[in-house]
K.L.:
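For reference, the structure I am asking about is given below.
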Number of protein chains: 2
Amino acid sequence: MSVAGTRLTKQKSLILDLILGTKCHPTADWVYQEARQHIPDISLGTVYRNLNALANQGLIREMNYAGSSSRYDGDVSQHYHFTCQSCGNVFDLPLEAFTMIDNLVEEQEGHSVEAHRLEFYGTCKTCKIEEKQ
Amino acid sequence: MSVAGTRLTKQKSLILDLILGTKCHPTADWVYQEARQHIPDISLGTVYRNLNALANQGLIREMNYAGSSSRYDGDVSQHYHFTCQSCGNVFDLPLEAFTMIDNLVEEQEGHSVEAHRLEFYGTCKTCKIEEKQ
DNA sequence: TTAGTAATGAGAATAATAACTATATATTCA
DNA sequence: TGAATATATAGTTATTATTCTCATTACTAA
Ligand SMILES: [Mn+2]
Ligand SMILES: [Mn+2]
Ligand SMILES: [Zn+2]
Ligand SMILES: [Zn+2]
């Protein structure tokens, strides 16, 4: 599985497997720490380079945030996320796409909407229970 | 207008006036360049310190983005934004708050939603016209 | 007027990510 | 097969927005 002009190296293949094998929406550094256990001298630059390449190929998805590290997601199907401000975990949300809000903006303002970014913040189910104790 | 333990310096007051006097959602550097024309030796650190202070006081709003500078908004009322990927301008959207989607996440997932972030990207009205020529 | 407090300007520090570079693999095809 | 060529790598340095540090200055209120 390789696009013309690109090679599927053991590093890239490992990085892809790590992303596909977790549901934790990991950061580049998480991927780096895991990858080192299989390829001890892999470099952080290689991790970033391949995460970008994989995202450009559409095999993974990058979620970036101001002030903190990007997270990567092996599930490239459309879905939204909830970030817990207490534990920091990112959870998938099984909501369908709100495409109607794009149309609303196009109709009301006349701009041409290509995408929207929607994410939720708060306290997750688990942290809510812990707070009560 | 000063909160106990804080002083309204000429720097802070100027920065607030600059933010309130524009609709362009400026960056810290834009504020810095404008401010220097009134207080030539104002420092960029002072601009950042005051922008943060004003945002904490709720007098302005900070909008941050991964990979590019934060923008500041003197309009602290609830409203969404559209960013043009062609000219880079940020436009206000007169949409009412989508509070129902917070409830949807709470009901479906059991997390406690404190806020959501929703922004739109695409090509603005003006850039669309220029593209056609 | 003076002691105490808060803010400033200048510059250094930070942190995530990208760019650079010499070396090492992979792929192509003679 | 084995050069010749193309791509990726490890290790390192650079970038960029923002924050931090600290000596100095400006308020504030007794
Ligand atoms: Mn996900
Ligand atoms: Mn606005
Ligand atoms: Zn949590
Ligand atoms: Zn535009």
Side-chain angles (χ1 to χ4, degrees), chain A residues 1-19 25-57 59-73 83 88 90, chain B residues 1-19 25-57 59-73 83 88 90:
Chain A
M1 188 205 285
S2 78
V3 177
T6 79
R7 290 166 189 177
L8 185 59
T9 61
K10 63 177 179 181
Q11 289 88 343
K12 184 179 211 165
S13 147
L14 170 60
I15 288 164
L16 180 56
D17 286 351
L18 289 170
I19 295 287
H25 304 92
T27 63
D29 199 68
W30 183 96
V31 174
Y32 176 53
Q33 300 305 337
E34 290 292 312
R36 291 175 76 179
Q37 310 199 0
H38 299 89
I39 306 174
D41 70 344
I42 194 172
S43 78
L44 184 55
T46 294
V47 172
Y48 273 108
R49 195 181 335 103
N50 281 304
L51 287 172
N52 285 338
L54 291 166
N56 287 337
Q57 287 179 246
L59 296 174
I60 67 174
R61 182 173 150 194
E62 177 185 354
M63 302 182 288
N64 59 20
Y65 306 94
S68 58
S69 309
S70 282
R71 289 168 170 275
Y72 298 87
D73 196 339
T83 302
V90 172
Chain B
M1 190 206 282
S2 79
V3 177
T6 78
R7 292 167 188 174
L8 185 58
T9 61
K10 62 177 180 182
Q11 288 89 346
K12 185 179 211 166
S13 148
L14 170 61
I15 289 164
L16 180 56
D17 286 350
L18 288 169
I19 295 288
H25 305 92
T27 63
D29 198 66
W30 182 96
V31 174
Y32 177 51
Q33 300 304 338
E34 290 292 313
R36 291 175 78 180
Q37 310 200 1
H38 299 90
I39 306 175
D41 71 342
I42 194 170
S43 79
L44 184 55
T46 294
V47 171
Y48 273 108
R49 194 176 338 100
N50 281 305
L51 287 171
N52 285 338
L54 291 166
N56 287 336
Q57 288 179 246
L59 296 175
I60 67 173
R61 182 174 152 195
E62 177 185 353
M63 302 183 289
N64 59 21
Y65 308 93
S68 57
S69 309
S70 283
R71 288 169 170 273
Y72 299 86
D73 196 339
T83 301
V90 172

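Residue numbers start from 1 in every chain, and the chains themselves are labelled A, B, ... in the order their sequence lines are given, proteins ahead of strands. Note that the coordinates shown come from a computational prediction; the quantities given were computed from them, not determined experimentally.
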K.L.:
Using OP1 and OP2 only, check whether a side-chain N or O of Thr9(B) sits under 4.0 Å from dA7(C).
P.N.:
no
K.L.:
Show me the donor-acceptor pairs within less than 3.5 Å that the side chains of residues 37-47 of chain B make with the rest of the protein, sequence neighbours left out.
P.N.:
unit_1   : atom_1 : unit_2   : atom_2 : d
His38(B) : ND1    : Glu34(B) : O      : 3.4
Ser43(B) : OG     : Thr46(B) : N      : 3.2
Ser43(B) : OG     : Thr46(B) : OG1    : 3.1
Thr46(B) : OG1    : Arg49(B) : NH2    : 3.2

K.L.:
For the pair made of CD in Glu62(B) and P in dT18(D), what is the distance, rounded to whole Å?
P.N.:
7 Å
K.L.:
Of the residues in residues 63-73 of chain A, which ones touch DNA chain D at a heavy-atom distance under 4.0 Å?
P.N.:
none
K.L.:
Rounded to the nearest 0.5 Å, how far apart are CD1 of Ile15(B) and CG of Leu59(B)?
P.N.:
12.5 Å
K.L.:
Check whether any side-chain heavy atom of Tyr65(A) lies under 4.5 Å from a side-chain heavy atom of Arg71(A), and answer yes or no.
P.N.:
yes
K.L.:
Starting at atom OH of Tyr48(A), determine the distance to atom C1' of dA19(C), rounded to an integer number of angstrom.
P.N.:
14 Å
K.L.:
Does Asn52(A) make a side-chain N or O approach to OP1 or OP2 of dA18(C) shorter than 4.0 Å?
P.N.:
yes
K.L.:
Give me the residues of residues 27-43 of chain A where at least one heavy atom lies under 4.0 Å from an atom of DNA chain C, by number, or none.
P.N.:
none
K.L.:
Which nucleotides of nucleotides 20-30 of chain D have their base under 4.0 Å from a protein heavy atom (B), which only their sugar-phosphate (S), and which neither (-), written as one string 5' to 3'?
P.N.:
------BB---
K.L.:
So if I take the C1' atoms of five pairs at each end of the helix from dT1(C)-dA30(D) to dA30(C)-dT1(D) and get each local axis, what angle do the two axes make, rounded to 10 degrees?
P.N.:
20°
K.L.:
Roughly how many Å is it from CD in Gln11(A) to C1' in dG11(D), rounded to a whole number?
P.N.:
14 Å
K.L.:
Indicate yes or no: at least one non-hydrogen side-chain atom of Leu14(B) is less than 4.5 angstrom from one of Asn50(B).
P.N.:
no
K.L.:
Side chains of Glu62(A) and Leu51(A), heavy atoms from C-beta outward: is any pair under 4.5 Å?
P.N.:
no
K.L.:
Rounded to whole angstroms, how far apart are CG on Leu14(A) and P on dA10(D)?
P.N.:
11 Å
K.L.:
Measure CG/Leu44(A) against C1'/dA19(C) and give the value in whole Å, please.
P.N.:
14 Å
K.L.:
Asn52(B): what forms a side chain to side chain donor-acceptor pair (under 3.5 Å) with it, not counting sequence neighbours?
P.N.:
none
